[in-house]
Amino acid sequence: MYLADYHVHSSCSPDGHLTMADMARQGIARGLDEICFTDHVEPMEWQSTELRKPYNWPALTEDFAAAQAAVGQQIQLRLGMEL
C-alpha cells in the first residue's frame, strides 16, 4: 500500500505550525510515502476582506528545499498550493 497526504499546511500557512522539514519527519514516522505541502495562497488576508500583500515565495521555496535536504529520499515531497 502507498500512503500519501496531499493536503498539509506548514508554518508558511496562517493555520500551520510546523516547518516542512518537521512535517516530513513526522510523515516518515507515521509511514507515509509522500506528502504534498498545500499552504494557503489566497488573494485575501486570512479571515478578512483585505487584499493580501505579495506572497513570500522565497520563504516557501526555501522551507521546501530545507525539508528535501533534511529527509533526502526517505519520503517523496511535493509542493502545491491551496487557493
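Basis for what follows: all heavy atoms, side chains included, without hydrogens, waters or symmetry-related copies. Numbers here are sequence positions counted from 1.
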Engineer: Looking only at atom types and distance, does a side-chain atom of Ser11 sit under 3.5 Å from a main-chain N or O of Gly16, one as donor and one as acceptor?
Structural biologist: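 No: the side chain of Ser11 does not pair with the backbone of Gly16.
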
Engineer: According to side chain to side chain contact (heavy atoms under 4.5 Å, CB included), who are the partners of Thr49, at least two apart in sequence or on a separate chain?
Structural biologist: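 Partners of Thr49 under the side chain to side chain contact (heavy atoms under 4.5 Å, CB included) test: Met44.
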
Engineer: Taking all atoms of both residues into account, what is the closest heavy-atom pair of Cys12 and Leu60, and its distance?
Structural biologist: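 Cys12 and Leu60 have their closest heavy atoms at CB-CD1, 3.8 Å.
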
Engineer: For the pair Asp33 (side chain) and Leu3 (backbone), establish whether a donor and an acceptor sit closer than 3.5 Å, ignoring hydrogens and angles.
Structural biologist: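 Present.
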
Engineer: I need the Met81 CE to Ser13 OG distance, nearest 0.5 Å.
Structural biologist: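 Answer for the CE-OG pair, Met81 versus Ser13, is 11.5 Å.
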
Engineer: Tell me if a side-chain donor or acceptor on Thr61 pairs with a main-chain N or O of Pro58 at a distance below 3.5 Å.
Structural biologist: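 Confirmed, Thr61 side chain pairs with Pro58 backbone.
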
Engineer: I need the Ile35 CD1 to Gln76 CD distance, nearest 0.5 Å.
Structural biologist: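 Answer for the CD1-CD pair, Ile35 versus Gln76, is 10.5 Å.
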
Engineer: Checking Pro43 now: which residues fulfil side chain to side chain contact (heavy atoms under 4.5 Å, CB included) with it, not counting sequence neighbours?
Structural biologist: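 Pro43 satisfies side chain to side chain contact (heavy atoms under 4.5 Å, CB included) with no other residue.
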
Engineer: Under the salt bridge (charged side-chain N to carboxylate O under 4.0 Å, His left out) definition, can you give me all pairs with a residue in residues 1-28, not counting sequence neighbours?
Structural biologist: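 For residues 1-28: Asp22-Arg25.
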
Engineer: Can you list everything that forms a side-chain hydrogen bond (donor to acceptor under 3.5 Å, both in side chains) with His7? Sequence neighbours excluded, please.
Structural biologist: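 Result, side-chain hydrogen bond (donor to acceptor under 3.5 Å, both in side chains) vs His7: His9, Glu82.
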
Engineer: With a 4.5 Å cut-off on side-chain heavy atoms, are Met23 and Phe37 touching?
Structural biologist: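 Phe37 vs Met23: side chains touch.
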
Engineer: Considering residues at least two apart in sequence or located in another chain, which fulfil the side-chain hydrogen bond (donor to acceptor under 3.5 Å, both in side chains) criterion with Thr38?
Structural biologist: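 Checked Thr38 against side-chain hydrogen bond (donor to acceptor under 3.5 Å, both in side chains); zero matches.
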
Engineer: Go through the structure and list residues passing side chain to side chain contact (heavy atoms under 4.5 Å, CB included) with Ala4, not counting sequence neighbours.
Structural biologist: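 Counting only residues at least two positions away or on another chain, Ala4 forms a side chain to side chain contact (heavy atoms under 4.5 Å, CB included) with Tyr2, Tyr6, Glu34.
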
Engineer: With sequence neighbours excluded, tell me which residues meet side chain to side chain contact (heavy atoms under 4.5 Å, CB included) with Gln47.
Structural biologist: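 Partners of Gln47 under the side chain to side chain contact (heavy atoms under 4.5 Å, CB included) test: none.
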
Engineer: Side-chain donor-acceptor pairs under 3.5 Å in residues 63-73, sequence neighbours left out?
Structural biologist:
| residue | atom | partner | partner atom | Å |
| --- | --- | --- | --- | --- |
| Asp63 | OD2 | Met20 | N | 3.2 |

